[in-house]
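The structure appears below as structure tokens.
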Amino acid sequence: MIDLRRLRDDPAYRQGIERKRVRPGLLEELTAADDERRRLVAEVDGLRARQNAASREIGRADPQDRPARIAAAAALKEELAAAEARLAAAAARVRALALEVPNPADPAAPAGGEDDAVTLRTCGEPVAPPPLDHAAYAERMGWVDVAHAAEASGSRFAYLMRDAALLELALVAWVTGVLVAEGFVPTVPPVLVRERTMEEAGFFPTDRHQVYAIPDDDLYLVGTSEIPLSALHRGEILDEAALPCRYAGFSSCFRREAGTYGTDTRGIFRVHQFDKVEMFSFSHPDASDAEHERLLAIQERIVGGLGLPYRVVDIAAGDLGAAAARKFDVEVWLPSEGRWRELTSCSNYRDFSARRLGTRVRAGGATRLVHTLNGTACAVGRTLLFCFEHCQQPDGTFVVPEVLRPHLGRDTVGPPG
RNA sequence: GGAGGGAUGACUGAGCGGCCGAAAGUGCUCGCCUGCUAAGCGAGUAGGGGGUGUGAAGCCCCCUCGAGGGUUCAAAUCCCUCUCCCUCCGCCA
């Protein structure tokens with residue numbers, strides 16, 4: 001949810017919104033609706049003030065004077081009720097329009113759209129493709145079974161099996177350890193949440209079509225543990241000393257992947273269900289840029305620690321999603337495709353979802369909305385897939401990344417038979 | 001799933017139709033006092049919205065006692081629905 005007052009008063013804020021794609025006329029409609037809402041607030045407040053005053057006088061009046069005064073006060077009720085109905089309608093309209101408006105892009109975010117991300121740095125070199133691409137290799141090793149998954153669940157599902165299943169556990173253990181050492185609270189959150197939680201996290205209404213719903217129980221499957229983590233301080237006013245407040249969430253993630261028909265169909269690059277360790281920070285509003293850099297640095301340490309060549313890109317304003325003011329992606333070289341592909345993502349939402357969540361910080365005498373940030377620590381399936389190509393030897397042996405060896409208990413995994 | 005009890009400010013907890021946005025305590029802030037610390041003394045201390053200010057302060061008004069509705073001139077207090085928590089029974093990994 002954006003800040004309506006800033007939309008009114010701060011041209012830079014409005015420009016930040018316009019750097020994203022917004023429906024023409026939306027902001028004008030919204031400000032007009034908000035003007036009307038404020039006018040009605042004043043009207044209703046005035047009527048209520050009169051009614052409150054009248055009621056107080058009745059309480060103080062002599063019992064014999066009361067009937068006449070009560071009759072007079074009763075007349076106010078109808079007028080007030082009508083005005084309140086108009087206000088409620090206006091407020092609902094403002095809310096509906098405001099939910100459509102994205103968080104302003106940060107001035108530092110590059111201009112443009114999907115193709116205009118700016119590469120900040122590249123660590124490691126592109127390499128030639130291995131004998132087998134990730135999907136073929138995983139099949140050869142008996143690590144991924146999409147055929148039976150299709151029987152059980154449909155397309156874009158997979159069984160992760162044998163050493164790949166153990167590699168997942170090793171990855172999760174290693175990454176979680178890194179995050180705990182960085183002061184993150186390790187968390188296994190709920191993956192089914194209410195509609196309200198989706199909305200407050202900034203996913204509804206804009207990304208509703210990407211979310212699995214459980215209509216019988218009014219619950220929704222999360223696409224990332226960011227959602228339940230964001231609800232951890234819902235409606236709370238935090239102490240300044242408690243910030244930053246960092247959580248590492250491990251969970252399964254569920255995504256409908258609507259609109260991706262026919263893309264990334266090989267292997268487990270894009271699936272409906274995967275496990276992920278996610279970082280989430282509640283930051284002091286003055287410190288969120290530094291926190292963002294910090295999350296990014298942790299991501300780079302993890303990806304670099306696995307020995308994967310990567311580059312960091314700064315996502316352009318027009319490609320930012322509704323909630324992010326700034327976003328960095330870490331892209332890893334996928335040899336079989338001969339290009340860099342997204343592995344992790346790290347966003348600063350500023351106060352956008354904190355406003356819906358009601359998560360604030362007591363700063364000096366005042367309270368301010370916190371800033372929320374999130375970043376992938378490890379999307380397990382996709383990380384493994386990159387490893388399938390980068391750790392694959394010409395003879396088919398899989399060389400376990402050094403950091404995972406203590407967790408897996410082996411240095412290499414040979415091909416079967 | 002069945003039967004009861006509960007939800008009050010940063011926290012504990014009183015209030016059970018008007019004098020309650022709310023006692024008391026804790027915490028926090030400021031001042032005093034004290035070699036330092038602890039203790040003590042005094043004062044202050046909810047959030048949000050609208051308006052008016054030099055869009056600082058201040059001032060005025062409105063809303064909020066889990067959420068939403070209702071009764072009433074008037075609701076933290078009465079009624080209904082929902083959510084969550086606790087106790088007991090049932091079921092269960």
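Residue numbers start from 1 in every chain, and the chains themselves are labelled A, B, ... in the order their sequence lines are given, proteins ahead of strands. Predicted, not measured: the structure shown is a model, and the values here were computed from it.
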For a salt bridge (charged side-chain N to carboxylate O under 4.0 Å, His left out) with A:R23, tell me which candidate from A:E18, A:E29, A:E28 qualifies.
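Of the listed options, the one satisfying the test is A:E29.
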A correct 5'-to-3' footprint of nucleotides 52-74 of chain B, with B, S and - meaning base, sugar-phosphate only and no protein heavy atom under 4.0 Å, is ---B-----SSS--------BBS
Can you tell me which residue pairs pass the ring pair (Phe, Tyr, Trp, His ring centres under 6.0 Å) test with a partner in residues 238-270 of chain A, sequence neighbours excluded?
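As it turns out, the ring pair (Phe, Tyr, Trp, His ring centres under 6.0 Å) pairs with a partner in residues 238-270 of chain A, which skip direct neighbours, are A:H233-A:Y247.
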Roughly how far apart, to the nearest Å, are B:G69 and B:U83 at atom C1'?
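Roughly 15 Å separates the two C1' atoms.
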Taking the C1' atom in each of B:C91 and B:C11, what is the distance between them to the nearest angstrom?
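Approximately 38 Å lies between the C1' atom of B:C91 and that of B:C11.
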Pair A:F157 + A:Y159: ring centers closer than 6.0 Å:
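Here the rings of A:Y159 and A:F157 have centres that are no less than 6.0 Å from each other.
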Between A:F204 and A:Y220, is the gap from one ring center to the other below 6.0 Å?
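A:F204 vs A:Y220: aromatic centres under 6.0 Å.
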Would one find more than 12 heavy atoms of other residues, nucleotides or ligands at under 6.0 Å from atom CZ of A:R8?
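Atom CZ in A:R8 is crowded, with more than 12 foreign heavy atoms closer than 6.0 Å.
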Using heavy atoms and a sub-4.0 Å distance, could you list which residues of residues 354-361 of chain A are near RNA chain B? By number, please.
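The stretch gives A:R360 as the residues lying under 4.0 Å from the strand, ordered by number.
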Taking side-chain contact (heavy atoms from CB on, under 4.5 Å) as the definition, give me every residue that meets it alongside A:R294, ordered by chain and number, with sequence neighbours left out.
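Testing A:R294 for side-chain contact (heavy atoms from CB on, under 4.5 Å), a comparison that skips the adjacent residues, returns A:E182, A:R246, A:E291.
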Just to verify, what does A:P415 make a side-chain contact (heavy atoms from CB on, under 4.5 Å) with, not counting sequence neighbours?
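Only A:R140, A:M141, A:T397 meet the side-chain contact (heavy atoms from CB on, under 4.5 Å) criterion with A:P415.
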Using both pair distances under 3.5 Å as the test, note the stems of at least 3 consecutive Watson-Crick or G-U pairs that include RNA chain B.
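As far as RNA chain B goes, consecutive pairing (with distances under 3.5 Å) yields the stems B:1-7 with B:83-89, B:10-12 with B:24-26, B:27-32 with B:40-45, B:46-52 with B:58-64, B:66-70 with B:78-82.
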Could you check how far CD of A:E84 sits from P of B:G50, rounded to whole Å?
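Distance check: A:E84 CD to B:G50 P gives 17 Å.
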What contact category does A:R37 fall into here, base, sugar-phosphate, or nothing, at under 4.0 angstrom with non-hydrogen atoms?
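Sugar-phosphate only.
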Nearest nucleotide by nearest heavy atom, which residue falls closer to the 5' end of RNA chain B, A:R8 or A:R196?
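So the residue in question is A:R8.
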Locate the shortest heavy-atom distance separating A:S345 from A:Q299; write the atom from each residue and the value.
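So the two residues come closest at O-NE2, 3.1 Å.
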Could you tell me if A:D145 and A:H148 have a donor-acceptor pair between their side chains, going purely by distance under 3.5 Å?
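The answer is yes; a qualifying pair exists.
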Here's one to test your reading of the geometry: is the NZ or CZ of A:R350 within 45 degrees of the ring axis of A:F352 and under 6.0 Å from its centre?
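So A:R350 doesn't make the cation-pi contact.
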